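We count ligands from 1, going down the list as the structure has it; atoms in each ligand are counted the same way. On a predicted model such as this, the values are computed, not experimentally measured, just so you know.
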Amino acid sequence: MKSEKAKKRLGILISGSGTNLQAIIDRSESGDLHAEVVCVISNKAEAFGLERARKHGIAAIHLDHRSCSGRGEYDAALVTTLQELHVDLVILAGFMRIVTPVLLDAFPNRVMNIHPALLPSFPGLDAQKQALEYGAKLSGCTVHFVDAGTDTGPIILQSAVPVLEDDTVASLSERIHHEEHKLYPAAIQLFAEGRLKVEGRRVLIS
Ligand code: GRF
């Protein structure tokens, strides 16, 4: 059921292509997602996701991490921008930086990430390669709230895909990406409807 309340305001952080960003923009514009993307912030000027944002009239902001003296200072700049735009929920979508308590404390249980594996298996970089090399028969993607660890926060939703014998990193990544584009908007919609409650490590969905 769709909420009659104001749409949740999303700030999306990226470093690259932004296909998840595009899926979220598309669901938002079609009305399937009761949330609007109010800004896209990238630490890389050349990230194609910034171009996607501009195309849809969304504020596209390049915040260069090299202009800050450390992670905390960078996150403080992020917080300033996100708060100025009254962002309700921060979405990490291929944002290749570790976030600090400076961001997490400003948005408690309001920072989400998507990871291309079934956590807690294969956290960190190159998750698809890790799954292939391990010989896993199933992998997938996980949307979780972000905590201070790497890919360790409370799990919101997961979706599994098979790992096929002739898979390469590219073919497995494509299968996972396809699921990500459905899973991330679904998790954001649950947040927008006020249906997520974090109890310790568990996310309860009402
Ligand atoms: C996705 O695979 C996501 O799981 C990971 O980074 C990738 C971003 O892809 N965190 P895209 O830029 O949304 O295409």
Q: Side-chain contact, heavy-atom cut-off 4.5 Å: Gln22 with His56?
A: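 Side-chain contact under 4.5 Å: yes.
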Q: Should Cys141 be listed as contacting ligand 1, given a heavy-atom distance under 4.0 Å as the test?
A: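 No, Cys141 has no heavy atom closer than 4.0 Å to ligand 1.
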Q: Just to be sure I read this right, does ligand 1 sit under 4.0 Å from the backbone of His115, its side chain, both, or neither, counting only heavy atoms?
A: backbone
Q: How far is atom 8 (C) of ligand 1 from its nearest protein heavy atom, and which residue and atom name does that atom have?
A: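 For atom 8 (C) of ligand 1, the nearest protein heavy atom is Gly94 CA, 3.6 Å.
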Q: Using a 4.0 Å cutoff against the non-hydrogen atoms of Glu180, which atoms of ligand 1 qualify?
A: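 With Glu180 as reference, the close atoms of ligand 1 come out as 1 (C), 2 (O), 3 (C), 4 (O).
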Q: For atom 9 (O) of ligand 1, what is the nearest protein heavy atom, given as residue, atom name and distance?
A: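 Checked against all protein heavy atoms, atom 9 (O) of ligand 1 sits closest to His177 NE2, 3.2 Å.
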Q: For atom 12 (O) of ligand 1, what is the closest protein heavy atom, and at what distance to 0.1 Å?
A: Gly18 N, 2.8 Å
Q: If you take the nearest heavy atom of each of Thr19, Val143, Ile176, Asp151, which one is closest to atom 14 (O) of ligand 1?
A: Thr19
Q: For the pair Glu51 and Lys55, find out whether any cationic side-chain nitrogen is under 4.0 Å from an anionic carboxylate oxygen.
A: no
Q: Any ion pair linking Glu199 and Lys197 (charged N to carboxylate O, less than 4.0 Å)?
A: yes
Q: Please evaluate residues Glu46 and Lys44 with respect to the criterion salt bridge (Lys or Arg N to Asp or Glu O under 4.0 Å), reporting the C-alpha separation (whole Å), side-chain torsions for both, the decisive distance (0.1 Å), and the verdict.
A: CA-CA 6 Å; Glu46 69 279 10; Lys44 298 208 169 144; 5.2 Å; no
Q: Counting only heavy atoms not in Glu174, do more than 12 fall under 6.0 Å of its CD?
A: no
Q: Counting non-hydrogen protein atoms only, what is the nearest one to atom 5 (C) of ligand 1? Give residue, atom name and distance.
A: Ile114 O, 3.8 Å
Q: With under 30° as parallel and over 60° as perpendicular, where do the rings of Phe95 and Tyr74 fit, or are they tilted in between?
A: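 Taking Tyr74 first and then Phe95, their aromatic rings lie parallel (interplane angle under 30°).
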